[in-house]
Amino acid sequence: PAQLFDLNNDPDEFHDLGRSEAHAAICAEMKDQLFERLISRKSCTTLTPDKIDDIRDVEDSTGICIGKW
């Protein structure tokens, strides 16, 4: 589940607001922003497509896949 903290009023992060219905819209907005950030970064690389495929082949063999949807 999402975690959400009010750092101004709870700087030590004792009270998780992530499951609060009153904060559901904020969680959804932050999730959308994170998704958009991740999507925009996936095409930012200096690696060639062949090198990316080589890296993904290694990831597949380890069971860890990054950048596949």
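All values below were derived from every heavy atom in this structure, side-chain atoms included, with hydrogens, water molecules and symmetry-related copies excluded.
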Nonpolar side-chain network containing I26, other nodes, edges under 4.5 Å: L4, L17, M30
For Q33, all residues meeting side-chain hydrogen bond (donor to acceptor under 3.5 Å, both in side chains), sequence neighbours excluded: E29
With sequence neighbours excluded, residues passing side-chain contact (heavy atoms from CB on, under 4.5 Å) with H15: D10
Any residue meeting side-chain hydrogen bond (donor to acceptor under 3.5 Å, both in side chains) with N9, in chain and number order, not counting sequence neighbours: D6
Counterpart residues, side-chain hydrogen bond (donor to acceptor under 3.5 Å, both in side chains), relative to Q3 (two or more places apart): none
By side-chain contact (heavy atoms from CB on, under 4.5 Å) - contacts of K31 (at least two apart): none
Atom of G18, atom of D16 and distance for their closest heavy-atom approach: N-OD1, 2.8 Å
Remaining members of the apolar cluster that contains F5, side-chain heavy atoms under 4.5 Å: L7
